[in-house]
Amino acid sequence: MSTLFLALVITAAQIILGLSMLCAAYRMLRGPRAQDRVLGLDALYLGAMLLLVTYGVQTGRTLYYEAALAIGLLGFAGTVALSKFLMRGEVIE
Amino acid sequence: MRRLLPFPLLTLALLVMWVLLTGFSPGHVVLGGLVAALVSRTMLSLEPEVTGFRPGLAVLRLAALVVADIVRSNIAVARIVLFRGVEHKSGFLHLPIELRNPYALAILAVIITATPGTLWVEHDARRHIILIHVLDLVDEEEWIQLIKHRYERLLMEIFE
Amino acid sequence: MHDPRLLLAVLSLPFLGAMIAAALPQAGRNWASAIAGSIAVAGVVLVAGFYPAVAAGEVIRSEASWLPSLGLQFTLRLDGFTWLFALMVLAIGSLVILYARYYMSPQDPVPRFFAFLQAFMGAMLGIVLSGNLIQLAFFWELTSLFSFLLIGYWHHNQGARDGARMALIVTGFGGVCMLIGFLLIGRITGSYDIDAVLAAGPVIRAHDAYLPALILILLGAFTKSAQFPFHFWLPHAMAAPTPVSAYLHSATMVKAGVFLLILLWPALSGTESWYLIVTAAGLATLLVGAWSAIFQQDLKGLLAYSTISHLGLITLLLGLGSPLAAVAAIFHTVNHATFKASLFMAAGIIDHETGTRDLRRLSGLAKFMPITATLAMVAAAAMAGVPLLNGFLSKEMFLAEALEAHSGTILDLVLPYLATLASGFSVFYSIRFINETFFGPAPVDLPRSPREAPRWMRLPMEILVLACLLVGIVPALTIGPFLALAVESVLGERTPSYSLAIWHGFSLPMLMSLAALVGGALAYRRFGRRLGTMDRSPVIGRLKARRTFEAVLATIVDAARLLHGWLGPHRLQVQLRLLIGTAVLLGALPFLFLGYSRGPEPVALIDPVFALIWMIGGLCAIGAAWQAKFHRLVALSLIGGAGLATSISFIWLSAPDLGLTQLLVEIVTLVLLLLGLRWLPLRRPAIWPEARMPLIVRLRRGQDLLIALAGGTGMAALAYAMMTRPTADSISRYFVENAYPKGGGTNVVNVILVDFRGFDTLGEITVLTIVALTVFTLLRRFRPAPESIELPHQQQRQNEFDRAEEDRSHGDTLAHYLFVPRIIMQWLFPVILTFAIYLLMRGHDLPGGGFAGGVTASIAILLLYMAGGTRWVESRLDILPLRWMSFGLLLATGTGMAAWIAGYPFLTSHFSYAAIPLIGDVPIASAWLFDIGVFAVVVGTTVLTLIALAHQSIRLPLRRKGSEEQASAPERSA
Amino acid sequence: MEIVLSLAIGVLTASGLWLLFRPRTFQVILGLSLLSYAVNLFIIAAGRLRTDAPPIVGKGPADPAAYADPLPQALVLTAIVISFATTALLVVVLMASRGLTGTDHVDGEDGEP
Amino acid sequence: MIQAPDLPVWAAIIVGLLLLGGAVVTLIGTLGLLRLKTFYERVHAPTLGTTLGSALVLAASMVCFTVLQSRPVAHELLIGLFVTLTTPVTLMLLARAAIYRDRSEGVLPVPPSSRVPPRDE
Amino acid sequence: MTGWLAHLIILPILLPLVASAMMLSLDERRRATKRALSLGAAALLIAVAAVLLWFVRESGPQAYRLGDWPSPFAITLVADRLSTMMLLLTSILGFTSLFYASARWDRSGPRFHALFLLLLMGINGAFLTGDIFNLFVFFEVLLAASYGLILHGAGTERTSASLHYITINIAASLLFLTGVALIYSVTGTLNMADLATRVSLTDSEDLALLESGAAILGVAFLVKAGIWPLCFWLPRTYAAASPPVAAVFAIMTKVGIYVILRLSFLLFGKDSGGAAGFANEVLLFAGLATMGFGILGILAARQLTRVAGHYVLVSSGILLAAIGIGGEALTAALLFYLVSSTLAVSALYLIIEPVERNADEEDIIDGIAEPVFDDEYVGAIEEEESEVGIVIPGTIAILGGGFIFCALLLAGLPPLSGFIAKFALIDALFSHVVIAPAHWIMIALIILSGLATMIAMTRAGIDRLWTPGEESPSRLSVIEVTPIGLLLGVCLLLMIAAGPVMDFMQATAAALYDPGGYIEAAGPAVSIPPESASPPIAGYRP
Ligand code: NA
Ligand code: NA
């Protein structure tokens, strides 16, 4: 019973997170400005990270944790680089 | 000890991180200690400025305050997003700031930005003015007071 | 004295001599000629020594193993005919060498000349002595090669270069055809051995492949012996020094073709095709050569065409197919060699002494060089077929054979007339040669004042002319036995009875001879004067074979260029379309034959989240494809989105290691591409507004879309077919079962990577190393495009602003911009490093590993670079990427090699427990050391690559100042 | 699931190929990136789809049927690394080519857009 | 569908609600990406997910694994910490870059009285 | 092979790897040390390859299971006649090219020696490996190194050419992976010998998938082999590379050929039916087309390097068409041709640079000369030039000699091995019971290629070496002459020792046709019973 409930709820949460990623993707695709798209990418990464955490809960495995942690700790590097490129035209000066 | 562990707090934090990652076992504490000690030494070559960090009750108060503010702001922003009817006027805000410690400023920046509805945009290190974007800028003065009273004072307590 | 092994000596001596000559100093004229001469004479002696054996009817063979598996022995073979031919090659060779000693100028680098000449002689002997067809072809091509070098000996002359090349191409072409013909013969007879082939004549002639083989072999023979229409190379070969002409065009090169025809005459002749082809070619050559010879103004040119004509005569005789004609052919071959060699020598002497060979300028030389004149007159008379000279005898036989009916075609009827006509031409040009050179008024305005040639230079000519006389007068006593021997060995049982008498009574041939002599003389009297004004021969001169040859070559080259351009597009896009198109086509073909079906396995229920993820991923991919042209940054982020979807898929599909690694690589790749993007030009808007896009572009895009869709559909279909099939009994079963018990790790993927298939990983880190080195190498010389040398416009503006404001200084904008991020990123550095080490250490049991750890550590460093800038980081951290790479590679390899000590193969892992107090047994696997090596290489390579890229920016200010400072910091720190 | 993954591979491939055929070097690089995603997923698909069966075995006897095929995963890891390396190289060659020829056209000459 | 872990009912309910809550908060945040009008408004949106959304989801995970492994599991805290530290960095850099871009194109999102950002053109 | 000798098989891979890894930590200025190290390694490679060849000839195929895992689970290296022959060829080319490079080419950019040795490692690995994915890895190693080497010395043409080269090869690598995935999905194995046994057991249901995989894989190899229409990058890339690099690249197309040979016989040997036949037809016709295209290219070439590049295509075409036709005799002949043509092209690339060094930057003068004199020979009279030969300076003499030898080798003329190779090929084509039209076409193309080469080479040679120029020829260093001489010497040796060499090739061809020995050495040992799980045992696995 509780597993079924949990399974449904987790799936629902995942779908919600997926939808939020879809919103982010929409911003990436539509822009209008580059900063909007980068913002979308950042949000996409966030959604992905949370999705991985829910997947860990769903499977009861801690194996996916590192991937989520990697996004949390390192995912910003990409967006930092993009932002810096927008601001300075150069990533490393 | 200073020579061996130039950044004891960092080392400790890394050790905690290691144990959190690996789970607690004597072997991992030893290994984590070794790794943390070694890795934290790399900070030596990066020559960070002295933090001036003084752990104390203020830290906890600040944390509690931030958590509360964040939850509140979450709700506020969610309302703005969900309900078109909610009036909001977003805008930029210049804020003179007395904090000088870079770490304090950094933490302030993180707090302001992490809180939904406010965003630290820039800090002018010469004029000591920060630029903030606020999603719901009803009363400029209120925001200025909020930040200066709630956060800046606590941060000054912790760092200066 | 007929040890067969001596044949090898005969063959190899000239080559030995060539090598010695080549090694002589340039001034070694006497040495070179002396050695060459003695070798040739030694050859004569050696060959002569075989006479008793050969005369006894023996075929001397000497065999050595060469290519037994393909039916090839290195065989030398000597019978009566080849004996005669070899002797002729060597004897005339000796005389030519003696002549050349005096002919060649002391300033000439003659050792080279004698080297080529002897090598050529060796090659010619090789043809004559070869005991199998392939070997014959081998030496055949060698004669082409050395004749090329000899003709081109004076290569500073354009004529020599062109003549040499033409001769090589024409005869080389023929040689290759001949080789194929031989291979066909080999297929028919089952052997390449000449004796076997000769014995298999009837089989060959009856075989289906006879005609192609015949044509191919004849192509070889005809090109070599300058038969019409391949005759044109020969006159141009006259650019060679005269001794070369005297040798190549009398006894050797051109005679190789004749030799081949005679050699294979018993096996190939006697069919209608043989008769028609060979006779027609011979007849045409005979007439064309003789006619053209009349109109030459150059002494050597006249002799060249006369040579062509006489070769045609011999070919014609061989074509007739009757034994008697063959006898005449063999006889005339020898005769022609003697008189033509002496005539070339005469021409050479005249040229040598007067400085010209122009018949119009020469005149009355008989007064100045009486001996030469006399000798030349005798030789020319032999050429014209005057009685009491050797040429007369063989020409009589020719005329007699021309009268015989052979085929019942029109040829039988016209042959006698045409033969007489050709003989008449021959008389004509012989008279012209003598008359215009030696008689008439004294010459005026010659480059040199004429005088008699040196004694030793005349000697070879004297010997040859003496031979002409002796053979002409007492044939039976001189040439008789040898000719008989040769004829016997060629014709065997078919040897006819013939007589070498001078006088056979009044016969029709005699009459024809007379008619030719008289007619030729009368014609010269009538037309001789007018020849000096003609610059080419009537009718034939219009054929312009040489120009045709050049034009054909040029056309071939032009056509090749055109076709090559069509068939070989150089554009990358076209090549990629072809590549993918081919792959799609070939990948789809099996399904066309065998049908496409999904497998029997049921599919899993669609996970809505997974579907959602791929809705996003697909949108991102399509969006990236759409945007990549004008919005590169956008496309880059969209690619990031697709990559993220891929990472999540990996995790969803039970591959946490992959998901993690893909995520990390994604981040580094993004930064990498951004680093590169800085150097790209701003994208201009489309050249054509959408509406006015040319049709060709639309079509091309449509085609691209089609291939892309086909590729996508194909991959999807393949994937679906694959996934719906039951699993194969995979080798990974073993990996799963043994990862822990034998590999000591619970993360099977990692155990595969560092242990089961650690060798792949070793290769993979090698690739990383190579790429990093390459990037580094390339960037040291990097030259940005002019417009990207300037700072990015953002920085220019910001710097300008900083300068303009009173209370700001240069760099403030950047400093303020990064103020907070720098602090955070700096303190994250140790945190990320710890995470990296964590990933490395847990890899064997859980997702992670050396690669993931290494990339993580690189990101830590990368963040420092982004936050602090290159100078800031490098003044603090001493990163030695090359050392990391070297250490990592050596550690990984060394770990693998350590297994050797215990006698196990490379990369056999070692596993043990270390007992540590308090903590207990800690497993220590060598695979872990290996993974550390991977970690080090990944850190080194990633950092080296990124730093090398980043360094371009700080090198710019230097460049802008015009300084050419090339050293870059990674190298210094390395 | 299979159909979703197949479609994903198909879309990635088609987009990647379209970019691969474009005339600008940067487009080509992005195309190759997309293609390598597609191929990596394809390799995973070769091991058949398994959800929630990561090949991390226990310390007891391991039943191969209970785990996703680890071999394709190992292969993809190698492939990821190699494609990362070649992408890096291509980026640098792109830069060099751009610097030397003055254009970012793949043929080093600005013809068609 | 993947079999969910076998938790006691109370834990299942807590975990479920936390997850749903986190997901919904995150979705609201990203909806902001769609609904808010300007970039400077939109830039606030993801923080919902990075703060409350993450917190709830991570809490769910913590509860779940603590119950499953019957010992306190807290490594999710690390994720929370890192996200909190790194997201601001991104947003700050991005917003500043956006301002620069807008100003250099003549759109002035900041009142001209300030002399902080560069005045271009 | 037992004892220490057993580890010899892996040395061709490890030796260059270790040497170059050691060089990485050496400073760029220590050039002499690096040279000594790399030349020493290259020389040692020849010795190792020779010993391996000798050993394999005596005792049959030898396998080396990496990590001591049982077959087919381990990555296996297999030394058999074919692979050791290719090893020997590679190490000879490697040594001569390195030797040549040390004249000056290794100075035109950093890390030349390391990259060069890693290239050798990749090539050797590709020849040795008995694992289809490991083959991919070694392909990548050799490709990556080749990218680096082409770019060595930089310059616009090099960069542009390598951009094409790299892009095409990355695309081909993706095809490679796709093919491997398909094959693995059907057979469940990566070990080539194991594949050979499993392919024959494949259900007809799965056959299409397997064949599609093999076809896609084949395209990847055909790109490497340089088959038309996937070969346009090749002449340009090779021409852009520096001479010693191009000289060692001569072996690169042969890697593709080697793999096609190896896999087609292992996977689609005599037992498999329709699909194999179809693949053979594709190979045959594509090979013929490649030959044709190569011939056109040779004729059309304006630079010698392009002649050489298109000759590479011709030789690829010949080899592929010959594989397509098949038959033991032809296979033996093609192996002989492979060796001979590779050496020839390598020598040519080495000699082109010194030959062209004297010439101006202009193209070869086109085929047609000014019609100074017509059909009728009147030239000698009008030529005012003295009839005294000019003294050829030593440089030109040596170059000319070398050049002529190269031309003869390529055109298939005596006295070097090219003649035997051509003869053996045509002889084998004629030895078929029925000579199909395709065989005739192939023979014609072989001949035409020889002629085209002769035309192009004489044109170039006369132009570069015989046409008097104002400048005095520059110096030619011994370091440049020696390797060329070595290569030509090997070709001469091939001619003289044609008998034993051809015997070896025939035995090699026979082994390809009956891969039992290979499969026995490298394939699955006995069925492995599932291990009972137990905690890891310390120490090396028993
Ligand atoms: Na905020
Ligand atoms: Na200022």
Side-chain angles (χ1 to χ4, degrees), chain C residues 67 69 105 107-109 138 141 155-157 159 161 165 176 183 187 235 301 358 536 544-546 550 553-554 557 560-561 563-564 568 572 578 583 586-587 590-591 594 722 728 730-731 734 741 744 759-760 763 766-767 770 773-774 777-778 781 882 886 889-890 902 904-908 912, chain F residues 10 21 24-25 66-68 73 75 109-111 118 137 140-141 144-145 148 151 154 164 175 185 188-189 208 211-212 215-216 219 229 232 296-297 299-300 367-368 371 375-377 379 381 385 388-391 413-414 426 430 447 458 462 466 468 498-499 502 530-531 533-534 536 538 540:
Chain C
L67 242 179
S69 55
S105 150
Q107 286 90 52
D108 252 327
F138 176 97
E141 298 286 32
H155 56 74
H156 51 285
N157 293 353
R161 296 197 294 269
R165 181 161 173 248
V176 178
L183 287 163
R187 176 175 151 85
D358 191 339
R536 62 164 183 240
K544 296 183 181 174
R546 178 187 185 275
E550 294 289 5
L553 269 193
V557 169
R561 287 200 176 138
L563 273 173
H564 186 260
L572 178 64
L578 279 168
L586 289 184
F591 297 102
L594 300 166
M722 221 163 54
S730 165
I731 52 172
Y734 180 86
F759 201 51
D760 279 345
T766 310
V767 172
I770 297 170
L773 284 181
T774 306
T777 305
L778 194 63
R781 295 263 186 105
L882 283 169
S886 174
L889 274 182
L890 288 175
Y904 286 98
F906 185 70
L907 280 179
T908 308
S912 68
Chain F
I10 201 174
L24 288 187
S25 49
L66 283 151
D68 204 30
F73 312 109
I75 291 176
R111 309 287 166 193
L118 290 174
V137 172
E140 292 303 315
V141 171
L151 287 163
H164 286 197
L175 291 177
S185 83
T189 189
E211 284 174 4
S212 179
I216 293 173
V219 173
F232 311 129
L296 290 178
L299 287 171
I368 190 152
D375 188 22
E376 314 271 319
Y377 180 77
I381 299 162
E385 291 150 275
V388 175
I390 49 171
V391 177
L413 294 177
I426 301 176
F430 276 145
I447 292 168
T458 48
I462 287 175
W466 271 6
M502 196 53 98
E531 287 296 325
S534 55
Y540 284 97

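Sequence lines set the chain letters: A, B, ... in the order given, protein chains first and strands last, and positions in each chain run from 1.
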Asker: Is it the backbone or the side chain of I447(F) that comes under 4.5 Å from a heavy atom of chain C, or both, or neither?
Answerer: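 I447(F) touches chain C through backbone and side-chain heavy atoms alike.
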Asker: State, with a plain yes or no, whether a side-chain heavy atom of L66(F) is found less than 4.5 Å away from one of P905(C).
Answerer: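 No, their side chains stay 4.5 Å or more apart.
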Asker: Of all the heavy-atom pairs spanning S212(F) and G587(C), show the shortest one and how long it is.
Answerer: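 In this case the closest contact between S212(F) and G587(C) is OG-O, 2.7 Å.
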Asker: Check each atom of L778(C) against the heavy atoms of chain F and say whether the ones under 4.5 Å are side chain, backbone, both or neither.
Answerer: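 Only the side chain of L778(C) comes within 4.5 Å of chain F.
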Asker: Quick check for you: to the nearest 0.5 Å, what is the distance between L299(F) atom CG and R561(C) atom CZ?
Answerer: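 Separation between the atoms: 9.0 Å.
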Asker: State the CZ-CD1 distance between F906(C) and I10(F), to the nearest 0.5 angstrom.
Answerer: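 The CZ atom of F906(C) sits 5.0 Å away from the CD1 atom of I10(F).
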Asker: Would you mind telling me which of G148(F), P414(F), G499(F) has the largest number of heavy-atom pairs within less than 4.5 Å of chain C?
Answerer: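 Result: the option with the highest number of such pairs is P414(F).
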Asker: Can you measure from CZ (R165(C)) to CD1 (I462(F)) and round to the nearest 0.5 angstrom?
Answerer: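 One gets 6.0 Å once the value is rounded to the nearest 0.5 Å.
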Asker: At a 4.5 Å cut-off on heavy atoms, which part of L773(C) comes close to chain F: side chain, backbone, both, or neither?
Answerer: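 Side chain only.
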Asker: From R111(F) CZ over to L882(C) CG, what is the distance, rounded to the nearest 0.5 angstrom?
Answerer: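 Those atoms lie 5.0 Å apart.
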Asker: Between T777(C) and L151(F), is a side chain to side chain contact (heavy atoms under 4.5 Å, CB included) present by the stated rule, with each step listed?
Answerer: CA-CA 8 Å; T777(C) 305; L151(F) 287 163; over 6 Å; no
Asker: Rounded at 0.5 Å granularity, tell me how far CG in L907(C) sits from CD1 in I75(F).
Answerer: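 Between L907(C) CG and I75(F) CD1, I get 8.5 Å after rounding to 0.5 Å.
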Asker: Looking at side-chain heavy atoms only, is the closest gap between L578(C) and F232(F) below 4.5 Å?
Answerer: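 Contact flag for L578(C)/F232(F) side chains = yes.
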Asker: Let me confirm one number: the CD1-CG distance from I216(F) to L586(C), rounded to the nearest 0.5 Å.
Answerer: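 Separation between the atoms: 9.0 Å.
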Asker: Taking every heavy-atom pair that is under 4.5 Å apart, which of G188(F), G297(F), A215(F) has the most such pairs with chain C?
Answerer: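 Top option by heavy-atom pairs under 4.5 Å: G188(F).
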Asker: Counting heavy-atom pairs closer than 4.5 Å to chain C, which one of P229(F), A498(F), A144(F), A208(F) comes out on top?
Answerer: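 That would be A208(F).
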Asker: May I ask you to decide if M502(F)'s main-chain N or O and S69(C)'s side chain share a donor-acceptor pair within less than 3.5 Å?
Answerer: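 No; zero donor-acceptor contacts below 3.5 Å.
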